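As the structure is a computational prediction, the values presented were derived from the model and not from experiment. Just so you know, these numbers use all the heavy atoms, side chains as well, and skip hydrogens, waters and symmetry mates.
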Amino acid sequence: MASVTRVLTVVAMLSALAGCGGGSGGGSLTVNPPANPPPGGGTVSVEPTFTSLSFNQPVALLQAPGDNDFWYVVERGGTIRRFANDTAVTTTTLFADVSGLINAGPNEAGLLGMAFDPDFASNRHVFLSYTTTGSPLISRIVRYSANAGGTTLDIMSGVEVLSVPQNGTNHNGGQVSFGPDGLLYAAFGDGGGGGDPGNNGQDPNNLRGTILRIDVQLDATYRIPATNPFAGNPLCRTADSTVGCPEIFAWGLRNPWRFSFDRVGGALLAGDVGQGALEEIDRVVAGANFGWNIREGDTCFNASSCSTAGLTDPIHVYGRSDGQSVTGGYVYRGQAAPALTGRYVFGDFVSGRVWTIDPAVQTPGASDLIEETGLSIASFAEGNDGELFVVDFGGSLHAIVEN
């Protein structure tokens, strides 16, 4: 998952997570007023929810399209749990177990992402992103089919969509998500190692350090959208290119950990984990190069000239006094916290802080602190109704609410 290895060893990280357990959000802080705050904007807090449930290193929480009755929790070790959308729920069922197919040994590896096909109700297709053993790791996107009732995933039905050999064991990215255009987006890190030793971030001839966009077909093959930056070039399903991989939507990323689409207008926003100084939030558009490893955030990293020609600025950065591993979130479009309407909500895995920013800014702007939660924020989640949740890697779930 996000680059925790910059500050913690694997053993220390897991011990710390076990120690923090379900860490309650505690007291609330008043959010600094966003631009054009709605009348009566109140106090926003992060509160425990589904409190009778606990999970093993959860990294994602989501609902199937059009089905508000159930939630699905992705656990890094390779299991997916399903439970009723009822805060009094006490049990979960096993939706899928791919633990025998993955390599979850390194602490940023494992089952990292899940996406329901937009037509899940009819085709029952689910896309998983996970790492397997090989060179030393291989990131794979595999399509599976659920049973007729949609209650379990048929593990024998897997068809690989694409794979990406990694240079190391960290910076695997791992999110997959369908955009409002019906296309599948996928994020991959730079392949691992400090400073991007393979210079993958600035090399669009491979799929590392990128966000991809592809049009998946019924047989799990895919087409390239005509507006992708390198459309027309040979596919890079498993191998590097010499002319630019047509699957790439944007590049120059170090380890994009969680992206989302604003359900009003469709803007794509992503958190990108920094090296040792800055974390960043990016507004992602076709052909954007976010500069890693020429720049970290909006500052020079290790390029002798540090030319910014052709690079896209982040819309927000923050330093080590605020956190050490950004977790991207969502633009709030729900009803429970109207003071957040139109604000982008995100957090930090290490510090546990949750902030909001104005997603319409063009250059890095200020953030408003919602709360210091004490959680290890692995992911945010958006319900079908637009409400937002926080996934604690220690095993608990939390809702963002207005008191």
Exercise. In terms of the angle between their ring planes, are Phe389 and Trp71 parallel, tilted or perpendicular, with boundaries placed at 30° and 60°?
Worked result: perpendicular
Exercise. Looking only at atom types and distance, does a side-chain atom of Gln362 sit under 3.5 Å from a main-chain N or O of Ala360, one as donor and one as acceptor?
Worked result: yes
Exercise. Side-chain contact, heavy-atom cut-off 4.5 Å: Phe346 with Tyr318?
Worked result: yes
For this session: Using modelled atom types only, decide if a donor and an acceptor are shared between the side chain of Asn147 and the backbone of Gly150 within a distance under 3.5 Å.
Result: yes
For this session: Only one of Val354, Val350, Asp348 passes side-chain contact (heavy atoms from CB on, under 4.5 Å) with Ile377; say which it is.
Result: Val354
Problem set entry | Flag if over 12 foreign heavy atoms under 6.0 Å of CD, Gln335 | no
Exercise. Is there a donor-acceptor contact under 3.5 Å from the side chain of His171 to the main chain of Gly191?
Worked result: no
Problem set entry | Straight-line distance of Glu247 CD to Asp215 CG, nearest 0.5 Å | 12.5 Å
Exercise. Does the side chain of Val331 come within less than 4.5 Å of Arg333's, by heavy atoms?
Worked result: yes
Exercise. Stepwise, does the side-chain contact (heavy atoms from CB on, under 4.5 Å) test hold for Val126 with Phe120?
Worked result: CA-CA 7 Å; Val126 175; Phe120 175 74; 3.6 Å; yes
For this session: Look only at the side chain of Ser52 and the backbone of Thr90, and say whether a donor-acceptor pair between them is shorter than 3.5 Å.
Result: no
Seminar exercise, completed: ring-ring contact (aromatic ring centres under 6.0 Å, His included) filter on Tyr72, not counting sequence neighbours, yields Phe95, Phe116
Seminar exercise, completed: So CG of Leu183 and CD1 of Ile214: to nearest 0.5 Å the spacing works out to 9.0 Å
For this session: Check for a donor-acceptor pair, side chain of Gln217 on one end and backbone N or O of Tyr222 on the other, with a separation under 3.5 Å.
Result: no
Exercise. Under 3.5 Å, is there a donor-acceptor pair between the Thr169 and Glu108 side chains?
Worked result: no
Seminar exercise, completed: Separation between CG (Asp67) and CG (Asp69), nearest 0.5 Å, reads 5.0 Å
Problem set entry | Step-by-step side-chain contact (heavy atoms from CB on, under 4.5 Å) determination, Thr327 to Val391 | CA-CA 10 Å; Thr327 298; Val391 178; over 6 Å; no
Exercise. Do side-chain atoms of Asn85 reach the backbone of Phe70 as a donor and acceptor pair under 3.5 angstrom?
Worked result: no
Problem set entry | Spatial distance of atom CG (Leu207) from atom CH2 (Trp251) [nearest 0.5 Å] | 13.0 Å
Problem set entry | Pair Asp117, Asn123: side-chain N/O donor-acceptor within cut-off below 3.5 Å | yes
Problem set entry | Pairs satisfying ring-ring contact (aromatic ring centres under 6.0 Å, His included), at least one member in residues 124-156, at least two apart | Phe127-Phe178
Problem set entry | Test item: Asp219 side-chain N/O and Thr221 main-chain N/O as donor-acceptor pair under 3.5 Å | yes
For this session: Find out whether Arg208 and Val164 are in side-chain contact, i.e. whether some heavy atom of one side chain is under 4.5 Å from a heavy atom of the other.
Result: yes
Exercise. Taking C-beta and beyond as the side chain, do Phe380 and Val390 meet within less than 4.5 Å on heavy atoms?
Worked result: yes
For this session: Give a yes or no on whether the ring-centroid distance for Phe50 and Phe83 is below 6.0 angstrom.
Result: yes
For this session: Measure the shortest side-chain to side-chain distance between Arg254 and Asn293 over non-hydrogen atoms and say whether it is less than 4.5 angstrom.
Result: no
For this session: Evaluate the side-chain proximity of Leu397 to Leu61: yes if any heavy-atom separation is below 4.5 Å, no if none is.
Result: yes
Exercise. Does the side chain of Tyr332 pick up a donor-acceptor pair with the side chain of Glu382 at under 3.5 Å?
Worked result: no
Problem set entry | Gap separating the CG atom of Leu268 from the CD1 atom of Ile211, nearest 0.5 angstrom | 5.5 Å
Exercise. Side chains of Pro256 and Gln175: does their closest heavy-atom pair fall under 4.5 Å?
Worked result: no
Problem set entry | Nearest-0.5 Å distance that lies between atom CG in Asp190 and atom CG in Asn170 | 7.5 Å
For this session: Kindly determine whether Asp322 and Arg353 satisfy salt bridge (Lys or Arg N to Asp or Glu O under 4.0 Å), including the steps that lead there.
Result: CA-CA 8 Å; Asp322 289 321; Arg353 290 173 174 163; 3.2 Å; yes
Exercise. Less than 4.0 Å between a side-chain N and a carboxylate O, is that true for Arg124 and Asp154?
Worked result: no
For this session: Look at Arg320 together with Glu279 and state whether they make a salt bridge at an N to O cut-off of under 4.0 Å.
Result: yes
Exercise. Looking at Thr132, Leu128, Ile80, Val142, which one forms a side-chain contact (heavy atoms from CB on, under 4.5 Å) with Val98?
Worked result: Leu128
Exercise. Taking the side chain from Ser45 and the backbone from Glu47, do they hold a donor-acceptor pair closer than 3.5 Å?
Worked result: no
For this session: Test side-chain contact (heavy atoms from CB on, under 4.5 Å) on Asp272 and Trp257 and set out the steps.
Result: CA-CA 6 Å; Asp272 192 26; Trp257 185 250; over 6 Å; no
For this session: Please list all pairs passing the salt bridge (Lys or Arg N to Asp or Glu O under 4.0 Å) test where one or both residues lie in residues 80-97, with sequence neighbours left out.
Result: none
Exercise. Do Thr312 and Asn289 come within less than 4.5 Å of each other through their side chains, counting heavy atoms only?
Worked result: no
Exercise. Okay, side chain of Glu296, backbone of Leu278: is any donor-acceptor separation there less than 3.5 Å?
Worked result: yes
Exercise. Does the Glu280 side chain pair with the main chain of Gly271, one donor and one acceptor, at a distance under 3.5 Å?
Worked result: no
Problem set entry | Pair Glu371-Thr373, side chain to side chain donor-acceptor pair (under 3.5 Å): steps then yes or no | CA-CA 6 Å; Glu371 190 168 338; Thr373 67; over 6 Å; no
Exercise. Can you check side-chain contact (heavy atoms from CB on, under 4.5 Å) on Val345 and Trp355, steps first, answer last?
Worked result: CA-CA 6 Å; Val345 181; Trp355 302 273; over 6 Å; no
